[in-house]
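Data block below; observations after.
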Number of protein chains: 2
Amino acid sequence: MPTPVTDADLALAAELGQQLRVDSVRSSTSAGSGHPTSSMSAADLLAVLVSRHLRYDWDNPDNPGNDHLIFSKGHASPLIYSVYKAVGVVSDEELMTGYRRFGSRLEGHPTPVLPWVDVATGSLGQGLPDGVGVALAGKYVDELPFRVWVLCGDSEMAEGSMWEALDKASHYKLANLIAIVDVNRLGQRGPTELSWDMEAYRRRVTAFGARAHVIDGHDVAAIDRALAEAGALDGEQPTVILARTLKGRGFSEVEDREDWHGKPLPAEMAERAVIELGGERNLLVRGPVPGEAGPRRAADRHAEVKLPAYDRGQKVATRKAYGDALAALGARQDVVAMDGEVSNSTYASEFAKAYPERFFEMFIAEQQMVAAAVGFGVRGYRPFASTFAAFLTRAYDFIRMAAISQASICLSGSHAGVEIGADGPSQMALEDLAMLRAVHGSTVLYPSDATSAAALVAAMADLDGVSYMRTTRGAYPVLYDAGESFPVGGCKVLRSSGEDQVTLVGAGVTLHECLAAADQLGQEGISARVIDLYSVKPVDTATLAEAASVTGGRLVLAEDHHPEGGLGSAVVDALAGTGRVDLAIAHLAVREMPGSGTTAELLAAAGIDAAHIATAARDLLA
Amino acid sequence: MPTPVTDADLALAAELGQQLRVDSVRSSTSAGSGHPTSSMSAADLLAVLVSRHLRYDWDNPDNPGNDHLIFSKGHASPLIYSVYKAVGVVSDEELMTGYRRFGSRLEGHPTPVLPWVDVATGSLGQGLPDGVGVALAGKYVDELPFRVWVLCGDSEMAEGSMWEALDKASHYKLANLIAIVDVNRLGQRGPTELSWDMEAYRRRVTAFGARAHVIDGHDVAAIDRALAEAGALDGEQPTVILARTLKGRGFSEVEDREDWHGKPLPAEMAERAVIELGGERNLLVRGPVPGEAGPRRAADRHAEVKLPAYDRGQKVATRKAYGDALAALGARQDVVAMDGEVSNSTYASEFAKAYPERFFEMFIAEQQMVAAAVGFGVRGYRPFASTFAAFLTRAYDFIRMAAISQASICLSGSHAGVEIGADGPSQMALEDLAMLRAVHGSTVLYPSDATSAAALVAAMADLDGVSYMRTTRGAYPVLYDAGESFPVGGCKVLRSSGEDQVTLVGAGVTLHECLAAADQLGQEGISARVIDLYSVKPVDTATLAEAASVTGGRLVLAEDHHPEGGLGSAVVDALAGTGRVDLAIAHLAVREMPGSGTTAELLAAAGIDAAHIATAARDLLA
C-alpha cells in the first residue's frame with residue numbers, strides 16, 4: 001500500500017501536474033506539432049500516479065517487478081515524455097530538441113524505441129487490450145504483484161476493442177489492471193459521443209464487470225484515493241477510473257474549447273500558457289520502486305522439445321501438425337497460446353490440453369487475442385495465437401501495430417482458401433498472405449505437409465517480429481521425413497532434373513496439385529521442376545532464380561489465394577528484384593468469388609487444380 | 001401493430017418451429033455439413049417472427065417497405081433456408097439437394113446470391129453492425145417505417161463490433177433495430193463466456209442504451225409479446241431480445257450438449273431426430289406484408305454534379321479534393337457519407353457541412369463505419385466512408401465481407417505513408433494498397449493531384465464493389481486541367497518521347513518525386529518516361545507494357561508503401577501477365593520502420609524521393 005498521503009504530497013503532485021502541462025506545451029510548440037491539450041487534461045492524473053503509486057525502477061526498466069504504464073491515448077505523447085523528464089530519464093534538452101524530430105526516439109506517438117515504453121500506441125483502442133495481455137501474464141504466468149496502469153482517452157471508448165478488453169479483464173479477474181479514462185469531453189472534430197455523461201460510462205464499465213470510480217480528474221486528493229484503492233490488488237475485478245477533466249486544463253485560452261485538438265500552441269500563446277501555468281519548473285520526482293522480483297520466468301527458454309514425427313504418405317492436416325508441434329513446444333516455459341474460440345479447429349486444443357495453465361481462451365474477440373499476444377510478448381513470453389485465417393483480418397490493425405511495437409508474436413490461421421469447401425467464402429482466407437506479407441518485418445510461412453509444418457512452428461518460436469503460419473483444413477500426404485530441416489527463407493525442390501522445361505511453384509494444397517500436374521506432364525514427356533514454397537516471406541530468391549534460369553523463365557505459380565499480394569506476387573517480386581529478368585509467368589489464383597462445394601470442385605472452379613496447372617505449363621511451352 | 005395473438009397463431013408458430021428444426025436437420029444431414037443445433041435453438045424465435053411480425057413481401061424482395069431480416073449468426077443457414085421453404089420461395093427439393101452444394105445458391109453461410117439476403121454473414125459480429133446501417137438509412141434517409149430484425153448468436157457478443165453497433169444504435173436512437181440474441185449457452189468448443197447469465201447480458205445491453213427483454217426463447221407466447229413490443233417503433237431505443245434457448249432444442253440426443261457445434265447429424269440420428277420432432281411437415285406460412293412505400297429514395301441518382309476546379313500549379317492536398325468532390329456529389333440524392341471522427345482531416349467535413357442530413361458521424365469505430373456503409377448500400381445508397389488510411393486496417397474483415405456481400409461502397413483513406421511526417425508510424429498507412437488490392441472485385445485509386453482526385457471521386461460513385469481512394473496529407477501542385485478525364489483502369493503518361501530510356505512510375509507523393517527525378521535526369525541527357533499510376537487496380541497494363549517496351553524493360557517503381565502488394569506489385573504482376581517479358585526493375589518502397597520527421601527527411605530516409613529515383617534510373621542504365 002502507498003504511504004498515507006500528506007498535504008505536502010498533494011502539493012507536490014499538483015506542482016508536478018503543472019510542470020507536466022508546461023512541458024507538454026513547450027515540447028509541442030518547439031516541435032510545431034503534437035497534442036498539448038490532450039496532455040494537459042491528464043496531467044494531474046499522471047502526476048499523482050507517477051509520484052505516489054506507480055512502482056517503477058526508472059534506472060532499471062527491465063526489472064521484472066516494475067509496474068507497467070501504457071498510454072492507450074498515444075497522442076498524449078508530450079505528457080509521457082514530460083513524465084520521463086520529471087523522473088529524470090530524459091533531459092529537458094532532449095525533450096525540447098528531440099520531440100517529433102527525425103532520428104529522435106521521442107516520436108510523435110510513443111514506440112518501444114524508448115526503454116520505458118511497452119507497446120506502440122497511436123491507433124486508438126489498442127493500449128488497453130495490450131494491457132490485458134500484460135496483466136494476464138502477470139496474474140497467471142509471472143505470478144508477480146505488478147500492476148498495469150493504462151491511460152485511456154474518452155474518444156477511444158467508442159472502439160469495440162476497448163469493450164473486448166474490459167470483457168476479458170473481468171472474465172479473467174484481472175484486479176491488476178487499472179484503466180484511467182481521461183474524460184475530457186472533446187475528440188478531434190468536436191464533442192465525444194457521451195460527453196461528460198460520467199454515469200453512462202459508469203454503467204457500461206460496471207456492466208462489463210469492472211469496478212468504477214468516477215472522480216474529478218483535477219482533484220489530486222481524489223485521484224490519490226482512487227489510485228490507492230485501485231492499486232491495492234484486492235478483489236477480482238479490474239478497475240476503471242473515470243476522470244472528468246478539461247481538455248487544455250490550466251490555460252484559459254484553450255481550456256475546454258473545441259478546435260484545439262492536435263494543435264501546438266503558437267509561440268506567443270505558448271508563452272502566455274507557461275505564465276498562466278506558473279512558469280517552467282524542473283522538479284525531479286520519483287515514486288515507489290518494486291520489491292525484489294527474481295528473474296523473469298519467461299527467461300527460461302531451454303527445454304527438450306520433441307517435435308511430432310509423421311510417416312511419409314500418411315495423411316495429416318497441417319493444422320493438426322500445428323497443434324501437435326505447439327504442444328511439443330510447450331516444454332519451453334516461455335511458450336503461451338491463445339485462440340479465438342475455435343481451438344478444436346485450429347488444433348491449439350492440443351496445447352490447451354497439455355498446458356492448460358498457459359493457454360488463454362480469448363473467445364470470439366480476435367482483436368483482443370492479438371493484443372493479448374502482444375502483451376505476453378511485453379513480458380518476454382513467446383505467444384502463439386490462432387483462429388481461422390479469414391478471421392485474422394479482424395485484427396489487422398493490431399497486427400500492424402504489433403510490428404511497430406517490435407513485438408515477437410506467432411500467429412496461425414487455419415482453413416485457408418477455397419480448399420475448405422462447403423462453408424463458403426466468409427470462412428475462406430483469400431487475403432491473408434497479402435495482409436501478412438505487407439506487415440513490416442513479418443515472416444509468412446505456408447507449409448504443405450505435417451513434417452514441414454511442425455518444423456516451422458518450432459522455428460517460429462525463435463523468430464523476431466510478427467510471424468504467421470497459414471494452415472490447411474484437409475489432410476494431405478506427408479511429403480518429408482521427420483527430422484528434415486526447413487530453414488525460414490528456404491524452399492524445397494521436390495522434382496528436378498537437368499531437362500526441366502517449366503517450374504511449378506505451389507504451397508499448401510496447390511503444392512499437392514503441382515506434384516500431380518508434374519506427374520501428368522511427365523507422362524507426356526514434359527519435365528517439370530516442382531518447388532514447395534513453404535516460406536513465402538522471406539522467399540528463397542536464389543532457388544527461384546536458378547529454377548527460372550534452368551526452365552527458360554517459364555513458371556507456373558499456383559495459389560489458393562486472391563491474385564494480389566500472395567505467393568505469386570512474392571515470386572514475381574523476388575525475381576524482378578534480381579536484375580534483368582526474362583520471364584514467362586502463368587499465375588493461377590482465385591479470381592472469381594467462390595461459393596460452396598467440395599474441395600475438388602472448388603479447386604477446379606478456381607483453376608488451381610492439377611489439370612489447370614498442367615494446362616498452364618503446356619501453354620507456356622506451346 | 002400485429003393483430004392480437006390467438007391460441008391458433010401460437011400453435012401454428014410452435015408447429016412451424018418444429019418444421020424449421022426438422023428441415024434444418026434434414027438439409028444439413030443431406031449436405032454432410034452445417035450447423036443444425038445452432039439452428040434448432042433459434043427455430044421458435046424465427047417461427048414467431050416470420051409468421052406474425054416480419055413485414056415482408058416474399059414475392060417482391062425489392063419492395064422498399066419490406067422489413068429486413070439479417071442472420072448475424074450466419075452459420076444458422078439451415079434455419080434461414082428452412083424459413084425460405086416455409087414461406088414458399090425455396091422448394092423442399094432445392095433445400096435437400098442444393099444446400100452447401102457446388103453451384104447452388106444455398107451456400108454454407110448466407111450470401112446475397114439469394115434475393116432475400118441483404119448481406120453476407122458468417123464472420124461473426126458483422127450482421128448487427130450491418131443492420132445498424134440499414135436502420136440508419138430507414139430512419140434518417142428513407143424515412144420509412146420498416147424494421148431491421150437481426151438474429152445474433154451469443155458467442156458473437158464477445159466481438160467488440162457488436163458493442164460498437166449497440167452504441168451507435170442508441171446514439172442514433174434506432175428504435176427500428178431489433179437484435180434477437182439466441183443465448184444457447186454453447187459456442188464452438190464449449191460454453192460461452194457468459195453462459196446463461198441473462199442478467200449480465202441485460203446489464204450490458206441496457207448500459208449501452210438498448211431496451212432489453214429477457215425471455216424464454218422456446219415460449220412462443222413470450223416471444224410473440226417481446227417481438228410485438230419491439231416492433232412497435234415507439235420510443236427512441238433499439239431493442240435487444242435476450243432469448244434463453246437450448247442448442248439442439250427438440251432432439252434429446254443433442255439438446256444442450258457440447259461437441260455438437262457445426263456437425264450434421266448422421267443419417268440414423270437424423271431419422272430419430274425427425275421422429276422426436278414430430279415428423280416432416282410442409283406448412284406454408286406467411287406473415288404480414290408492408291404497406292405501400294413508394295419508390296426507393298436512393299433511386300434518384302441523377303443530378304447536375306459540378307466538380308471543383310483547380311488551377312494547374314496551385315497546391316492542393318488530394319484529401320481536400322476528396323472532400324470538395326464529395327460535397328459536389330452530394331447533389332445526388334443517393335450519396336451519403338460517414339467518417340470515423342476525423343472528418344476535419346479527411347475533409348469529409350465538406351460534405352457534412354453541405355449535407356448534414358446525409359452525413360453520419362461514426363466516431364472512432366471503423367468497423368461500424370464500414371458496416372454502416374454496407375447497410376446504406378443495402379438500401380440502394382452510395383456510401384462514402386473515410387478515415388486515416390492506416391485505420392481502415394481496423395475494418396479489414398468488414399471490407400472483405402462487404403465484397404462477399406456484393407456491396408458497392410466507397411472508402412477513402414487519408415494520410416498515406418511516411419509523407420505524413422511527424423506523427424510517426426502508427427498513423428502512416430503503409431499496408432493499405434496491399435490490403436485493398438487483395439479484396440475481390442475491388443478498385444484501388446491513388447491520385448497525385450486535386451484534379452484527378454476530384455474526377456476519381458465522381459467515378460467511384462458509379463463503380464460496383466468496394467472502391468478505395470488513397471489520399472495524401474500534404475498539398476502538392478495541381479498537374480491537370482479541370483475537365484481532364486481519368487478513366488478507372490487508366491494512367492497518365494506525363495513525360496514521354498521517342499528516346500525514353502527508362503520509365504518512372506509513381507502515384508501520390510512519389511509521382512511528384514518522379515517528375516523531379518525526370519527533370520534531374522533530363523539535365524544529364526537521360527530521357528525518362530513518367531507515368532502517373534492513379535489507378536492501381538485495375539491497372540493500365542497496355543500503357544505500362546508499351547512503356548516497358550520503349551524503355552528497354554527498365555522501370556523504376558516508387559511508392560510510399562511497404563514493398564509488398566502495393567503499386568510496385570501491381571505493375572510487376574501486370575507486366576508478368578502479358579506473356580514473355582524482359583524486365584529490369586528498380587522497386588523503391590518503404591523497407592525500414594520509419595519514425596518521425598519532416599516529409600522530405602522521411603521520403604529520403606525511405607529512399608523514395610527524387611534523388612533516389614534518379615539514382616535508381618541511372619543504375620538501371622549503367
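What you see is a predicted model, and the numbers here were worked out from it, not measured in a lab. The chains referred to below are lettered A, B, ... by the order of the sequence lines, with proteins before strands, and numbering in each begins at 1.
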When rounded to the nearest 0.5 Å, the distance separating OG of Ser426(B) from NE2 of His109(A) is 4.5 Å
Greatest number of non-hydrogen atom pairs under 4.5 angstrom with chain A, of Asp167(B), Leu575(B), Val590(B), falls to Asp167(B)
Rounded to the nearest 0.5 angstrom, the CD-CD distance for Glu341(B) and Glu193(A) is 9.5 Å
Min side-chain heavy-atom separation Leu430(B)-His440(A) under 4.5 Å: no
When the 4.5 angstrom heavy-atom criterion is applied to Tyr201(B) and chain A, the contacting part is neither
Of the listed Thr121(B), Ile404(B), Ile585(B), the one with the largest count of heavy-atom pairs under 4.5 Å with chain A is Ile404(B)
Run the side-chain contact (heavy atoms from CB on, under 4.5 Å) check on Arg394(B) and Gln126(A) step by step: do they pass?
CA-CA 11 Å; Arg394(B) 198 61 156 264; Gln126(A) 299 207 18; 3.7 Å; yes
Rounding to 0.5 Å, atoms OG1 (Thr598(A)) and CZ (Arg100(B)) come to a distance of 13.0 Å
Output for pair (Asp154(B) CG, Ile364(A) CD1), nearest 0.5 Å, gives 9.0 Å
Note: Glu164(B) and Gly160(A) closest approach over all heavy atoms is OE2-N, 2.7 Å
Looking only at Ser33(B), Gly577(B), Ala200(B), Ala390(B), most heavy-atom pairs under 4.5 Å shared with chain A are made by Ala390(B)
In short, His562(A) meets Ala438(B) closest at the heavy-atom pair ND1-O, 2.7 Å
Phe208(B) and Phe208(A) aromatic ring geometry - parallel, tilted or perpendicular at 30°/60° bounds: tilted
Query raised in the report: Distance only, no hydrogens: is a donor on one side chain within 3.5 Å (strictly under) of an acceptor on the other, for Ser569(A) and Asp573(B)?
Result: yes
The interface call for Ser405(B) against chain A, heavy-atom contacts under 4.5 Å, is neither
In this structure, CD of Glu431(B) is separated from CZ of Arg400(A) (nearest 0.5 Å) by 5.5 Å
Cut-off 4.5 Å, heavy atoms of chain A, and the answer for Glu107(B) is both
* Just wondering, do Trp163(A) and Arg204(B) contact through their side chains at under 4.5 Å, heavy atoms? -> no
Highest number of heavy-atom pairs under 4.5 Å with chain A among Ile399(B), Leu194(B), Asp582(B) belongs to Asp582(B)
Cut-off 4.5 Å, heavy atoms of chain A, and the answer for Met369(B) is neither
Scanning both residues in full, the closest heavy-atom pair of Val342(A) with Gln188(B) reads CG1-OE1, 3.3 Å
Heaviest contributor of heavy-atom pairs below 4.5 Å to chain A, chosen from Ala434(B), Gly568(B), Ser155(B), is Ser155(B)
When the 4.5 angstrom heavy-atom criterion is applied to Glu361(B) and chain A, the contacting part is side chain
Closest non-hydrogen contact found for Tyr396(B) with Thr393(A) is CB-O, 3.4 Å
Chain B shares the most heavy-atom pairs under 4.5 Å, among Arg101(A), Arg203(A), His171(A), Met435(A), with His171(A)
- Query: Should we count CD of Glu258(A) as having more than 12 external heavy atoms under 6.0 Å?
  - Reply: yes
Interface check, chain A: of Ala584(B), Gly565(B), Ala158(B), Ala395(B), most non-hydrogen pairs under 4.5 Å belong to Ala158(B)
Looking only at Pro563(A), Gly424(A), Ala586(A), Ala365(A), most heavy-atom pairs under 4.5 Å shared with chain B are made by Ala365(A)
Next on the checklist: What verdict does the side-chain contact (heavy atoms from CB on, under 4.5 Å) test give for Glu159(B) and Phe363(A), after you've listed the backbone C-alpha separation in whole Å, the side-chain angles of each residue and the deciding distance to 0.1 Å?
Outcome noted: CA-CA 9 Å; Glu159(B) 287 282 15; Phe363(A) 299 93; over 6 Å; no
If one checks every heavy atom of Ala120(B) against chain A at 4.5 Å, the contacting part turns out to be neither
Under 4.5 Å to a heavy atom of chain A? For Arg105(B) that would be neither
The interface call for Thr387(B) against chain A, heavy-atom contacts under 4.5 Å, is neither
Under 4.5 Å to a heavy atom of chain A? For Pro191(B) that would be backbone
Highest number of heavy-atom pairs under 4.5 Å with chain B among Ser345(A), Ala605(A), Gly566(A) belongs to Ser345(A)
Between the OH atom in Tyr99(A) and the OG atom in Ser596(B), the distance rounded to the nearest 0.5 Å is 8.0 Å
